[in-house]
Every structure is written in C-alpha cells, then in structure tokens.
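Only one structure is covered here, and it is reproduced in the block below.
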Number of protein chains: 2
Amino acid sequence: MSENVVQRLRDEIENGIISNDFAPGARLDEVQLATRFGVSRTPVREALMQLNAIGLIEIRPRRGAVVIDPGPHRIFEMFEVMAELEGLAGSLAARRFTDTDRTAILAAHADCERSSSAGNSDAYYYDNERFHKAIYTASHSGFLAEQCVALHRRLQPYRRLQLRVRNRVATSFAEHGAIVEAILAGDAEQARTLLRQHVSIQGERFSDLVATLASR
Amino acid sequence: MSENVVQRLRDEIENGIISNDFAPGARLDEVQLATRFGVSRTPVREALMQLNAIGLIEIRPRRGAVVIDPGPHRIFEMFEVMAELEGLAGSLAARRFTDTDRTAILAAHADCERSSSAGNSDAYYYDNERFHKAIYTASHSGFLAEQCVALHRRLQPYRRLQLRVRNRVATSFAEHGAIVEAILAGDAEQARTLLRQHVSIQGERFSDLVATLASR
DNA sequence: GTCAATATTCTTGCATACAAGATTTGTCGT
DNA sequence: ACGACAAATCTTGTATGCAAGAATATTGAC
C-alpha cells in the first residue's frame, strides 16, 4: 500500500468530477467504484463522505451519491466570493510581500507572458494558477491561502472554459501586469480592486460562461 | 434506526469540540467514541473523516485523530477572512434586500437591543447570530451564505469569548445600529466597511483574545 | 539504575458479512 | 393493454473480523 487508499480515492474521484469524467448529475455507485479501483466499499464510502463535506457531491440517504450540478447562477456566486478572497489576498500581499514572494510573483508573471504570447491557452492555464498561488503565499495568511486554493480548485473547470473565449488570455495577462505593479508598489487598495475585477465575472463574461456551459 | 447515525455522530463530536468538551490536542479514540455512542467503529470513522475534511480535526495516518488547535494567529486569520466575507454579504444585502429581508434584519436588531440593554451576554450571543444570518440571507447569494455560516460556526467559541470582555456587547450593538442604517439606506460601500470593521479583530481586541485563550 | 532491544498489546485501515430500505421486475386483475 | 400490488433484487448502512503499523511494556546488558 503506497500511502493512503482513501486519500487516493478522494483525489481520483475529485479529479474525475473536475475533469467532467463524472458529469454533474451522474450517480456514483459504491461497488462500481470499489471494483474499478480494486478496493472494498469501505474506503470508497469514506472518500465519498469527504467529497460530500467539500460540497462536490450530494449523498441522499439510502439513495446513493450524485455529482452536484452547481448551475450558472451558483457558479457566478462562487466567482463572486472568489473575487473577494483574491482581493483580500492581493491587499495583504501588497503590504507583506518579502523578497522571495516578489521573485516568485515575477517569475510566474514572466511564464504567463511566455504562454500568453505563444497563444497557448493550456499552458497559460497552469502559469496563471502559479501566479495566483504566488499571491496567496505572499499574503502570509495560511488560512486565506487554503480557502483560496480550495475554491480555485472547485472553479477550475469553469476557469478553464473562460480562457477559451476569444482574447481572454491576452486581456487576462494585461490585467496581471497592473496587479503586479500595484502589489510591488505596496498599494493595497489598488491591488484589491484590480484583483477583484480580474476574478469576478461581469457583463458579457457571464453570458459567455452560460453559453459555454450549455454547449457541453 | 432513527435517521442517519453518521450525521448524528458528526454533530455530536463537532459540538463536543466547539463546546470545548473535546479540548484542542485531545485524541479521539474510535472505539471509545463508538462505545460511548453505542455504535460500531464504521460510522464513527466516517464522521471523523468528515470533520477532517471540514478542518476541525487532523487524522494522522495510523496514529489516530486529534482535535486541531488553531492557535491565536490562525484564529486571527480566520476572523480576517470572516470580516471580508461579511463585508461582501453586507454590500450585496444593501443592494438586494427585499421587504422580508428588512423585516428580518430589524427584528433581529430589536432582539439584540433587548438582550444588550438587559446585559445578558448569552442571549445577545444568539440574537447576534440571528442578526448576522439575516444579513447573509439578504445578500441573496446562497453560496456566500453557506460559507459565512460555516465559518461563523467554526469561530463560534472564540466569538463567545469575545463577548465576555467588558463593554463588548454594548459597542457591538452600537455598531449594529450603523450597519442596519447603511444597509437599509442602500449604501453598499458603507455597509461593507462597517461590517468589516465590526467583525475583524484589531488592536487591543487581539490581545484580549490571546489573553482569554491562554486562561482556558 | 539506566538504556536499549525485543516482545506484547493496542489501534488503525481495509475487507467482508449481514440487515434494512429502495428499486425493479413480474404477475394479476380490470 | 394499462395500472396496481407483490416478490425479488439491488444498494446502502452498520457491524464485525483480520492484518499491519504504532505505542507500550518487558527483559537483558552494561
């Protein structure tokens, strides 16, 4: 046994949900999962309970587990909260960043520039994640960073869709530039505002999201 | 079988932790809990995994579960995030509240006044909770409300300690008044600022918290 | 008497077993 | 042929069993 069966199962199933391998609404059968992963039902159940606690699936008593379908409105609400948390992280980062933080932020930003100008939206997705995580770290609030990472992860599939819309990568990168500037200048309020706007989904971006969701 | 043993266990243990019945650092023995609640180890384990996912306990592989001790600094961080989320809820509430929302907020506020002027800090605790929940509801963001309730619950024990310090109930109620005013006036930014200040722990309040924590 | 190595006990992690509720299938009546 | 009731089947919820790792006690050497 490599590490921890339950943890492995939790990650596998979570990834399956995030990668849309288990579509929203799909029923997660315990024995099916157990045989598929070559374990017994017990660890499968424990993994499912964890996913239930996180809010990725719903367990209806005596009726099994299904993948939750957030729906466009709830996704919007989640981005709204994410924007607020990112804004806080940015404002704290502007006041507290260290030399290592600055190096990490600039490095991630440089990588974003590469993948952005290369037009590689998949690469940009990962570099963008690193960029944002660098800001969480620079906030020097462990709890905030954890919350951000968790929410970021849950929003991962939709964020990815967003990057596919025309020109989004370019504008995203441009916004990053201003954010870096504000943080390194120590302008907490500016960093907060810019990050909030950067993350939140406003105006036509919401229609884009709904349209992309519907086309799946 | 009444309803759902795991859920009951989860609540029981969670309450035990929140009420400091299981102190931070305490080891949670599976068979002990099982016999205590008259069930087998399986549902106990599942309940523990859920608490682990929530972040209330830590499960070290092969070494059992212990209640997490956040420590003053982390508690401060949690209040920091809570302040931000409450601020968002307040600003949304100011823009979106309905007639029923206003009625609920004013009712909760009136109850706070009663328990405040009566000097009953325990009663005030519950009325205060209703007041804040009324604002979450008025924000009309289901996801935000859920996050707020969850964090509020985790901070419950510390919030309670805070109310015990001299004059805190009175100043808290005074702040509520200004918050109600801002929300009902539709002043989103003012509501956000006031709520943020109301919830966050600044200056001597942090020393108070540390002191009270140490005296337990 | 103290430290260390080993043996014992205890606890967790996973598998299997069994019971009870839910779902499906089959049969009968109209 | 359609609907309703009943039986069979399937699935979940809980209990128990067994193996492996961690904690603890014991014994031996110095």
Side-chain angles (χ1 to χ4, degrees), chain A residues 1-18 20-70 150, chain B residues 1-18 20-70 150:
Chain A
M1 302 301 136
S2 62
E3 178 81 344
N4 187 321
V5 178
V6 174
Q7 219 60 0
R8 185 172 63 87
L9 285 175
R10 196 186 72 83
D11 288 347
E12 295 256 19
I13 301 173
E14 188 174 352
N15 285 330
I17 294 174
I18 287 174
N20 213 31
D21 215 353
F22 299 114
R27 205 157 145 286
L28 297 172
D29 188 87
E30 293 180 2
V31 300
Q32 210 167 301
L33 291 169
T35 55
R36 172 167 172 175
F37 293 113
V39 295
S40 91
R41 277 179 49 224
T42 311
V44 171
R45 283 181 58 79
E46 294 181 349
L48 289 180
M49 309 230 73
Q50 287 198 36
L51 294 174
N52 180 57
I54 293 173
L56 270 176
I57 68 175
E58 184 189 356
I59 297 183
R60 300 162 305 177
R62 291 254 170 221
R63 302 193 52 207
V66 295
V67 180
I68 283 185
D69 179 12
Chain B
M1 306 302 140
S2 60
E3 178 77 346
N4 190 323
V5 178
V6 174
Q7 220 58 359
R8 185 172 64 86
L9 286 174
R10 196 185 71 82
D11 289 347
E12 295 256 21
I13 300 173
E14 187 174 353
N15 285 330
I17 294 173
I18 287 175
N20 212 31
D21 214 352
F22 299 114
R27 205 158 145 286
L28 297 172
D29 188 87
E30 294 180 1
V31 300
Q32 209 167 304
L33 291 169
T35 54
R36 170 168 174 175
F37 293 114
V39 295
S40 91
R41 278 177 50 222
T42 311
V44 171
R45 282 180 59 78
E46 294 183 347
L48 289 179
M49 307 232 74
Q50 287 197 37
L51 294 174
N52 179 57
I54 293 173
L56 270 175
I57 68 175
E58 184 188 356
I59 297 183
R60 299 162 305 175
R62 291 254 170 223
R63 301 192 53 207
V66 295
V67 180
I68 283 185
D69 178 13

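Letters go in sequence order (proteins before strands), and every chain restarts at 1.
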(request) Establish, with yes or no, whether the OP1 or OP2 oxygen of C:dT12 is under 4.0 angstrom from a side-chain nitrogen or oxygen of B:Arg27. (result) yes
(message) Just N and O in the side chain of A:Thr42: are any of them under 4.0 Å from OP1 or OP2 of C:dC14?
(response) no
With sequence neighbours excluded, what pairs up with [X] under the side-chain contact (heavy atoms from CB on, under 4.5 Å) test?
X       : answer
B:Pro43 : B:Val5, B:Val6, B:Leu9, B:Val39, B:Ser40
A:Gln32 : A:Asp29
B:Asp69 : B:Pro24

(request) Write down the atom of A:Phe37, the atom of A:Arg8, and the distance for their closest heavy-atom approach. (result) O-NH2, 3.9 Å
Using 0.5 Å steps for rounding, measure from the [atom1] atom of [X] to the [atom2] atom of [Y].
X       : Y       : atom1 : atom2 : answer
A:Met49 : B:Met49 : CE    : CE    : 10.5 Å
A:Glu14 : A:Ile57 : CD    : CD1   : 10.5 Å
B:Leu33 : B:Ile13 : CG    : CD1   : 5.0 Å

(message) Just so I know, are the side chains of B:Asn52 and B:Leu48 near enough to count as touching, which here means a heavy-atom distance under 4.5 Å?
(response) no
(message) Less than 4.5 Å apart, side chain to side chain, heavy atoms only: is that true for B:Leu56 and B:Phe22?
(response) no
(message) Let me check the geometry of the helix from C:dG1-D:dC30 to C:dT30-D:dA1. What is the bend angle between the axes at its two ends, five pairs each, to 10°?
(response) 0°
Expressed as a whole number of angstroms, how long is the span from [X]:[atom1] to [N]:[atom2]?
X       : N      : atom1 : atom2 : answer
B:Phe37 : D:dT14 : CZ    : C1'   : 16 Å
B:Asn4  : C:dA22 : CG    : P     : 13 Å
B:Glu30 : D:dT16 : CD    : P     : 15 Å
B:Glu46 : C:dT12 : CD    : C1'   : 15 Å
A:Arg60 : C:dT23 : CZ    : C1'   : 12 Å
B:Arg45 : D:dG13 : CZ    : P     : 17 Å

Please name all residues satisfying side chain to side chain donor-acceptor pair (under 3.5 Å) with [X], sequence neighbours left out, ordered by chain then number.
X       : answer
A:Asn15 : A:Arg153
B:Glu46 : A:Arg45
A:Asp11 : none

(request) Please identify each residue that fulfils salt bridge (Lys or Arg N to Asp or Glu O under 4.0 Å) with A:Arg41, with sequence neighbours left out. (result) A:Glu30
(request) Starting at the 5' end of nucleotides 17-22 of chain D, put B wherever the base has a protein heavy atom under 4.0 Å, S where only the sugar-phosphate does, and a dash everywhere else. (result) B--BSS
(message) What's the closest nucleotide to the side chain of B:Ile59 if the choices are D:dT12, C:dG13, C:dC14?
(response) C:dG13
Under 3.5 Å between N/O atoms: give me all the protein pairs with nucleotides 6-10 of chain D, atom names plus distance.
none

(message) Just to be sure I understand the geometry, which residues of residues 50-58 of chain A put a non-hydrogen atom under 4.0 Å away from DNA chain D?
(response) none
(message) Closest-nucleotide mapping onto DNA chain C: is A:Pro43 or B:Asp29 further toward the 5' terminus? I mean the 5' end.
(response) B:Asp29
(request) Using the salt bridge (charged side-chain N to carboxylate O under 4.0 Å, His left out) rule, collect all pairs that involve residues 51-64 of chain B, keeping only residues at least two apart or in two chains. (result) none
